[in-house]
Amino acid sequence: METIGARGISMNGCIRMDRAWQMSQVAFIRKPKKYMMSSVSSLCILLSMVSYEQRLSGQEPTMKQTDTSDALVPGETPWREGKELRTPATSKFFEKRVDPVSGVVSYALSGGTNENRQSIYFTCKSMTDDGRFLLFDRSEAETQNPKASKHKALIDFLKDELVDLPGTDGSIPFVDVEGNYMVTVNDRGFFKRDFRDPLNEIKLCEAPAEVTKLGRVRSWCTHLTLTVDRKKAFIESSVITPAGATTYVQGLVELATGQYESWGATEFYCNHGQLNPVRDDLAMCAWEECWMGPGKAYREKTGFYPRMWLVRPDGTRTLVPAREKNSASHEIWDDDGAGFSWCGGGVYHHDLATDQQACLVPDAQARHATLTPDKKYVVYDVAPGKWWRGCPWNVKFYNRETKRTVEVYSTRPALFPESRPSRLHPDPHPQFVCKGRYVVSTANTAWGTMELFVTPVDQLVALTTMPAPPESAPGSK
């Protein structure tokens, strides 16, 4: 037995070194004569075997920890049932992908040349915390059906099954990642599907009459969110009145009765509503298209770009300006509700308690971003050139402690030309899932379809933590 370091990290001869060695060689295989492993590098490789989940929980690190990207998940209900929980690395539905630039390993849920498989919009986690279920959008390839539409499907890693969910659509549900179910809303009302019995759709309540009586509901909400006790849903609805005007109303719906609690209305184009994850008395909404029309006039009058608004039950709305760049898009709450982040000339963060704002990632091209629960790591997508629906993309992982970046995947080809954009919202929308164990994102293919990527985070942490070689590998800095 050998002991390393003051904390007594122990090792034995049975430790698997293959994965740590693979990650250490991302740069080495390119410049073998220029890169020699130092004793510090060796130690970092060994430490990289301690899983990110273990570091996050504060457990004493031990080199006996298995590689969570390839191993079965211990301690979950399926194990108590005597069954094995598959992972993206071991499921029959996934194919291994190794990025040619960064060397990062991902697992692709591919529909081949005939079908798209996309991650859910980034404000909604696509995978449950226990690693058993992966929810995704499924659609025909637009090359075969230009009017293709999305519906939901589910991977059950316990049964290693793909379950199609008829009657669903491309709307963004609320997914309870601990309870393993989703809630959706449409003109017929609010519905629940337990992922353990996914074909059984349970109606919770009717859509609120207080909203439908205003006119034709164009949208019930952008992405559904629920209160802490999961008994009420927050909606920000757009309604076309009989006079032809559009009104924007916000409120809570009690899911047991359909009773509506109005939070008032806005004169501006209000969408992207999100209830705070730990507070039922605070939501965040966006002034959509605020770069033109009334939004442009507001900015000229006040000097502020009016994207992000805090909304409260008494009807008050408070603008949160993006102070450094005066530009913002794609805001999202922290998992702990302490603040929120957005993209606008970088990835920025606003702290509710201190009213302080900070730049988390100094990449002006960032478009959608999420943070790990401890806020140490950021994943975000980038359109390297001009953006359109179907443009080339890449996805990046940023380590805030080392200020280093690695590409989850390097630039993917355009899905469609700018003259013929996709109708299926094909942005990558990267998100941390399973308490930070994986990144889920959407990736274009060269044959005009999309596939879903699941990327283990441990390797991303290791690649941005190990000492850089004299000449850094492409895609890592």
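All values reported here derive from a predicted model rather than from experimental measurement.
- The structure places CH2 of Trp220 at 10.0 Å from OG of Ser238, a figure rounded to the nearest 0.5 Å.
- Side-chain polar atoms of Asp164 and His151 form a donor-acceptor pair below 3.5 angstrom.
- With Tyr181 as the aromatic partner, Lys192 meets the cation-pi criteria of under 6.0 angstrom to the ring centre and within 45 degrees of the ring axis.
- Legend: residues meeting ring pair (Phe, Tyr, Trp, His ring centres under 6.0 Å) with Phe174, ordered by chain and number and at least two apart, are absent.
- Taking the charged nitrogens against the carboxylate oxygens, Glu201 and Arg188 do have a contact shorter than 4.0 Å, which makes a salt bridge.
- The CD1 atom of Ile332 sits 6.0 Å away from atom OG1 of Thr123, with the distance rounded to the nearest 0.5 Å.
- Residues Thr246 and Thr241 form no side-chain contact, since every pair of their non-hydrogen atoms from C-beta on lies 4.5 Å or further apart.
- The closest side-chain donor-acceptor pair between Trp263 and Glu261 falls under 3.5 angstrom.
- Panel note: side chain His350, backbone Gly339; no donor-acceptor pair is recorded below 3.5 Å.
- Side chain of Glu115 to main chain of Gly112: no donor-acceptor pair is present (N/O by atom type, distance under 3.5 Å, no hydrogens or angles).
- Across all their heavy atoms, Leu214 and Pro242 have their closest contact at O-CD, 3.5 Å.
- Between the side chains of Thr227 and Asp280, no donor N or O sits under 3.5 Å from an acceptor N or O.
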Worked verdict on Leu154 versus Phe195 for side chain to side chain contact (heavy atoms under 4.5 Å, CB included): CA-CA 8 Å; Leu154 191 71; Phe195 293 154; 3.9 Å; yes

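- Between Glu418 and Lys386 there is a salt bridge, since at least one side-chain N of the basic residue sits less than 4.0 Å from a carboxylate O of the acidic one.
- Remark: Arg117 does not engage Asp137 in a salt bridge, criterion side-chain N to carboxylate O under 4.0 Å.
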Could you go step by step and tell me if His223 and Cys124 meet the side chain to side chain contact (heavy atoms under 4.5 Å, CB included) rule? CA-CA 8 Å; His223 24 73; Cys124 171; 5.9 Å; no

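- For Asp129 (side chain) and Asn180 (main-chain N/O), no donor-acceptor pair under 3.5 Å exists by modelled atom type.
- A donor-acceptor pair is defined here as one N or O able to donate and one able to accept, closer than 3.5 Å; no such pair exists between the side chain of Arg400 and the backbone of Tyr398.
- Atom NZ of Lys125 has 12 or fewer neighbouring heavy atoms from other residues, nucleotides or ligands inside a 6.0 Å radius.
- A salt bridge does not link Arg404 to Glu401: none of the charged nitrogens lies less than 4.0 Å from a carboxylate oxygen.
- Under 4.0 Å is where a charged nitrogen must lie from a carboxylate oxygen, and between Asp427 and Arg389 at least one such pair does.
- Of the possible donor and acceptor atoms, one in the side chain of Lys152 sits under 3.5 Å from a partner among the backbone N and O of Ser171.
- Judged by distance alone, the side chains of Gln250 and Arg312 never bring a donor and an acceptor atom under 3.5 Å apart.
- In this structure a side-chain-to-backbone donor-acceptor pair under 3.5 Å is missing from Gln459 to Gly103.
- A donor and an acceptor atom, one from each side chain of Glu236 and Asn271, are nowhere located under 3.5 Å apart.
- Between the side chain of Glu451 and the main chain of Gln118, no donor-acceptor pair closer than 3.5 Å is present.
- Classification of Asp176 and Arg230 as a salt-bridged pair holds, one side-chain N sitting under 4.0 Å from a carboxylate O.
- Distance check: Glu288 CD to Cys270 SG gives 10.0 Å after rounding to the nearest 0.5 Å.
- The backbone N or O of Ser410 sits less than 3.5 Å from a side-chain atom of Asp99, completing a donor-acceptor pair.
- The aromatic ring centroids of Tyr305 and Trp291 lie 6.0 Å or more from each other.
- No donor-acceptor pair under 3.5 Å is formed between the side chain of Ser139 and the backbone N or O of Lys150.
- Counting only heavy atoms from C-beta outward, the side chains of Val239 and Arg218 never approach each other to under 4.5 Å.
- For Arg412 and Tyr409, the positive end sits near the middle of the six-membered ring, less than 6.0 Å away and at most 45° from its axis.
- Of the possible donor and acceptor atoms, none in the side chain of Ser91 sits under 3.5 Å from a partner among the backbone N and O of Pro88.
- With respect to the salt-bridge test (charged N to carboxylate O, under 4.0 angstrom), the residues Asp130 and Arg132 do not qualify.
- With rounding to the nearest 0.5 angstrom, the CG atom of Asn394 is 8.0 Å from the CD atom of Gln365.
- Thr184 is linked by a side-chain contact (heavy atoms from CB on, under 4.5 Å) to Pro173, Met182, Phe191, counting only residues two or more places apart in sequence or in another chain.
- Between Phe268 and Trp309, the ring center distance clears the sub-6.0 Å criterion.
- Here the closest heavy-atom approach between residue Ile235 and residue Pro208 is recorded as CD1-CG, 4.2 Å.
- The number of heavy-atom neighbours closer than 6.0 Å to OH of Tyr260, taken from other residues, nucleotides and ligands shown, is above 12.
- Pro456 and Val105 get closest at one heavy-atom pair: CD-O, 3.5 Å.
- Looking at Asp156 and Arg86, no side-chain N of the basic residue comes within less than 4.0 Å of a carboxylate O on the acidic one, giving no salt bridge.
- In this structure, His429 and His425 have perpendicular ring planes: the angle between them is above 60°, well past the 30° mark.
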Salt bridge (Lys or Arg N to Asp or Glu O under 4.0 Å) assessment of Asp355 paired with Arg323: CA-CA 11 Å; Asp355 195 40; Arg323 297 180 188 128; 2.9 Å; yes

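- Partner of Phe94 under the ring pair (Phe, Tyr, Trp, His ring centres under 6.0 Å) criterion, chosen from Phe136, Phe157, Tyr107, Tyr438: Phe157.
- Below 30°, between 30° and 60°, or above 60°: for His330 and His272 the angle between ring planes is above 60°, a perpendicular geometry.
- Taking all atoms of both residues into account, the shortest heavy-atom contact from Ser126 to Val433 is N-CG1, 4.0 Å.
- Counted by atom type alone, Thr402 and Thr465 present zero donor-acceptor pairs between their side chains at under 3.5 Å.
- Of the N and O atoms on the side chains of Arg193 and Thr168, not one donor lies less than 3.5 Å from an acceptor on the other residue.
- The local environment of NZ in Lys203 is crowded, with over 12 non-hydrogen atoms from other residues, nucleotides or ligands closer than 6.0 Å.
- Ring centroids of Tyr269 and Tyr248 are separated by less than 6.0 Å, placing the two rings close together.
- Looking only at side-chain heavy atoms (C-beta outward), Tyr348 and Leu360 stay at 4.5 Å or farther from each other.
- Counting heavy atoms from C-beta on, the side chains of Met284 and Phe340 come closer than 4.5 Å.
- Under the rule for a salt bridge (Lys or Arg N to Asp or Glu O under 4.0 Å), the partners of Arg196 that lie at least two apart in sequence or sit in another chain are Asp194.
- Atoms CG and OG1, from Leu275 and Thr225 in turn, are 5.0 Å apart once rounded to the nearest 0.5 Å.
- Side chains of Glu142 and Ser422: a donor-acceptor N/O pair is present below 3.5 angstrom, by distance only.
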Can you check salt bridge (Lys or Arg N to Asp or Glu O under 4.0 Å) on Lys435 and Asp335, steps first, answer last? CA-CA 10 Å; Lys435 300 180 181 179; Asp335 285 349; over 6 Å; no

